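Heads up, the thing below is written out as structure tokens.
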Amino acid sequence: MNRKAAVITISDKGSRGERVDTSGPALCGMLLEGGYDIVHTAIVPDDYEKIRAELLFCADTEEIPLVLTTGGTGFSPRDVTPEATKSVIERETPGIPEAMRAESMRITPRGCLSRSTAGIRRKTLIVNLPGSEKAARENLLAVLPALEHGIEMLLSAGSADCGTPKPAAAEKPSADVWLKEAKAGMHAGKIGMYLIHNGVVRETSRASVRDHAEQTKPVIGMKFSFDAGKLEEAINEARAMEGIVSVRVWLADGVLQVGDDIMMVLIGGDIRPHVTAALDFLVGKIKAECVKEEELYE
């Protein structure tokens, strides 16, 4: 799947250099950790025509599949992001802002005041997010797992069949590539240590290792699956831990053989105790709450 994305910050003060943009970089970080490539970023003022021009550039000129905006979704007279977005989209996707507002309402009753919209122009999905970093993170977290499937349907030659079995999981990413991307990130200067966990299928059973139970038959494989929503929650918890700057996770899905990779987790943070604690927490939570493992025997 084409995993290219753009993030556009809409702010009068930001465009004039009077305010440091934190929401845009935060969204870029979440997308990167979700496996997306950020191919375009911009800061534009709360101006209908300039917002519209930026969206048309991303959709028509650059043909970027996912475009996120942050800012301009409130009640201020200059909050015109939804209007500019509606002027360029060809089909609305109301379920996305509905889900985001529902998540916001769980946190604050003011969540219903968001005027965010979302929709499709050609092969581009445009989603409005709030201007504050906290709200933008919360809103994107509520819909990010579903966006991937939506973009897959959008870019497919025909209509996607949601009832068909999931395709085989993507091949395990390169740890070297992950480290290179993390070290190129805007917050890389805060990171003093990276740790990677790479889990694989082993011959010895869980029972024989953990419970010292006798097991005559060796493990020949494993059925492995995971809950994407719970995984995203676990990643978010780890990212919020003290000193943690970067978190990336890949999990396998399907029938695996001995020696196959199960998961890869990368944690980057300020000092060793924080990084090791976050890695132990996240791997433990993934194995306890996010995945299903069924060992296969001869």
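No experiment lies behind these values; they were computed from the predicted model shown.
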Checklist line | Polar side-chain atom of Asp37 near backbone of Val39 as donor-acceptor pair, under 3.5 Å | finding: no

Check: For the residue pair Tyr194 and Gly268, what are the closest heavy atoms and their distance?
Finding: CD2-CA, 3.8 Å

Item checked: Working for salt bridge (charged side-chain N to carboxylate O under 4.0 Å, His left out), residues Glu148 and Arg3 -> CA-CA 8 Å; Glu148 180 175 352; Arg3 298 177 69 86; 3.0 Å; yes

Checklist line | Pair Arg202-Thr204, side-chain hydrogen bond (donor to acceptor under 3.5 Å, both in side chains): steps then yes or no | finding: CA-CA 6 Å; Arg202 62 172 181 261; Thr204 51; 3.3 Å; yes

Checklist line | From CD (Glu98) to OG1 (Thr93), nearest 0.5 Å | finding: 9.5 Å

Note to self: Under 3.5 Å, is there a donor on one side chain and an acceptor on the other for Ser116 and Ser114?
What the structure shows: yes

Item checked: Flag, side chain of Asp46 to backbone of Asp12, donor-acceptor distance under 3.5 Å -> yes

Checklist line | Lys285/Glu237 under salt bridge (charged side-chain N to carboxylate O under 4.0 Å, His left out): CA gap, chis, key distance, verdict | finding: CA-CA 10 Å; Lys285 193 172 183 71; Glu237 287 185 57; 3.5 Å; yes

Margin query: Is there a side chain to side chain contact (heavy atoms under 4.5 Å, CB included) between Ile286 and Val249? Walk through the geometry before answering.
Written below: CA-CA 10 Å; Ile286 289 172; Val249 176; 4.0 Å; yes

Notebook entry, point to check: Is Val247 reachable from Ile262 through a run of hydrophobic residues whose side-chain heavy atoms are each under 4.5 Å from the next?
Noted result: yes

Checklist line | Side-chain (Thr41) to main-chain (Val7) donor-acceptor, under 3.5 angstrom | finding: no

Next item on the list: Could you please spell out the steps behind the side chain to side chain contact (heavy atoms under 4.5 Å, CB included) verdict for Cys58 and Ile8?
Entry: CA-CA 10 Å; Cys58 290; Ile8 304 168; 4.0 Å; yes

Notebook entry, point to check: Donor-acceptor pair, Thr117 side chain versus Pro82 backbone, under 3.5 Å?
Noted result: no

Next item on the list: Run the salt-bridge test on Arg115 and Glu83 with the 4.0 Å N-O cut-off and return the result as yes or no.
Entry: yes

Check: With distance as the sole test, does Arg121 use its side chain to make a donor-acceptor pair with the main-chain N or O of Ala59 at under 3.5 Å?
Finding: no

Item checked: same_hphob_cluster(Ile64, Ile51) at 4.5 Å side-chain heavy-atom cutoff -> yes

Next item on the list: Please report the closest heavy-atom contact between Glu295 and Met222, naming both atoms and the distance.
Entry: CG-CE, 4.2 Å

Checklist line | Passing candidate, side chain to side chain donor-acceptor pair (under 3.5 Å) with Asn128, options Asn139, Thr85, Thr81 | finding: Thr85

Checklist line | Min side-chain heavy-atom separation Ile126-Val88 under 4.5 Å | finding: yes

Check: How about Lys292 and Phe226: do any of their side-chain heavy atoms sit closer than 4.5 Å?
Finding: no

Notebook entry, point to check: Judged by atom type as modelled, is there a donor-acceptor pair below 3.5 Å linking the side chain of Ser23 to the main-chain atoms of Gly131?
Noted result: yes

Next item on the list: Go through the steps for Thr22 and Glu133 under the test side-chain hydrogen bond (donor to acceptor under 3.5 Å, both in side chains), then give the verdict.
Entry: CA-CA 6 Å; Thr22 61; Glu133 178 184 345; 3.2 Å; yes

Margin query: Is it the case that atom CZ in Arg106 sees more than 12 heavy atoms from other parts of the structure closer than 6.0 Å?
Written below: no

Next item on the list: Check Cys112 against Arg101 and note the closest heavy-atom contact, atom names and distance.
Entry: O-CD, 4.4 Å

Note to self: Hydrophobic clusters here meaning ILVMFWY residues chained together by side-chain heavy-atom distances under 4.5 Å, can you tell me if Val200 and Leu251 are in one?
What the structure shows: no

Checklist line | Flag side-chain contact, heavy atom, 4.5 Å: Leu129 against Thr69 | finding: no

Next item on the list: State, to 0.1 Å, how close Leu147 and Ile96 come at their nearest heavy-atom pair, and which atoms those are.
Entry: CD2-CD1, 3.8 Å

Notebook entry, point to check: Once you round to the nearest 0.5 Å, how far does CG of Leu144 lie from CZ of Arg137?
Noted result: 12.0 Å

Item checked: Gap between atom CG of Leu282 and atom SG of Cys290 - 0.5 Å precision -> 8.0 Å

Next item on the list: Answer yes or no: is there a donor N or O on one side and an acceptor on the other, between the side chain of Asn236 and the main chain of Glu233, under 3.5 Å?
Entry: no

Check: Are Leu66 and Tyr36 side-chain neighbours, meaning at least one heavy-atom pair lies under 4.5 Å?
Finding: yes

Note to self: Nearest 0.5 Å, please: how far is CG in Leu140 from CG in Leu68?
What the structure shows: 6.0 Å

Margin query: Under 4.5 Å between side-chain heavy atoms, counting indirect links through other Ile/Leu/Val/Met/Phe/Trp/Tyr residues: same cluster for Ile151 and Val127 or not?
Written below: yes

Item checked: Minimum-distance pair of heavy atoms, taken over all atoms of Ile244 and Ile267 -> CD1-CG2, 3.8 Å

Checklist line | pair Leu141-Glu232: side-chain heavy atoms closer than 4.5 Å | finding: yes

Next item on the list: Mind checking the CH2-CG spacing from Trp250 to Asp261? Nearest 0.5 Å is all I need.
Entry: 5.5 Å

Check: Between Glu63 and Lys4, does at least one N-O distance fall below 4.0 Å, as a salt bridge requires?
Finding: no

Checklist line | Test log, rule side chain to side chain contact (heavy atoms under 4.5 Å, CB included), inputs Lys180 and Val177 | finding: CA-CA 5 Å; Lys180 183 178 179 181; Val177 171; 5.6 Å; no

Checklist line | Flag, side chain of Ser87 to backbone of Ala84, donor-acceptor distance under 3.5 Å | finding: yes

Note to self: For the CD atom on Glu62, are there more than 12 heavy atoms of other groups (residues, nucleotides or ligands in this structure) within a distance under 6.0 Å?
What the structure shows: yes

Next item on the list: Decide yes or no on side chain to side chain contact (heavy atoms under 4.5 Å, CB included) for Leu266 and Leu179, but give the supporting numbers first.
Entry: CA-CA 8 Å; Leu266 169 68; Leu179 282 170; 3.9 Å; yes

Check: Between Ile191 and Val245, what is the shortest heavy-atom contact and its length?
Finding: CG1-CB, 3.6 Å

Next item on the list: Hey, could you give me the NE2/CE distance between His197 and Met264, rounded to the nearest 0.5 Å?
Entry: 11.0 Å

Note to self: Is there a side-chain contact between Met100 and Glu138 in this structure, where contact means two heavy atoms from C-beta onward sitting under 4.5 Å apart?
What the structure shows: no

Next item on the list: Please confirm whether the backbone N or O of Arg122 pairs with a side-chain atom of Glu90, one donor and one acceptor, at under 3.5 Å?
Entry: yes

Next item on the list: For Glu54 and Lys50, run salt bridge (charged side-chain N to carboxylate O under 4.0 Å, His left out): C-alpha distance rounded to whole Å, both residues' side-chain angles, the deciding distance at 0.1 Å, then the answer.
Entry: CA-CA 6 Å; Glu54 188 67 30; Lys50 291 182 179 179; over 6 Å; no

Note to self: Check for me, please, whether Val219 and Leu296 land in the same ILVMFWY cluster - side-chain distances under 4.5 Å, paths through other members count.
What the structure shows: no

Notebook entry, point to check: Where the side chain of Lys123 meets the backbone of Leu154, is there a donor-acceptor pair that is under 3.5 Å apart?
Noted result: yes

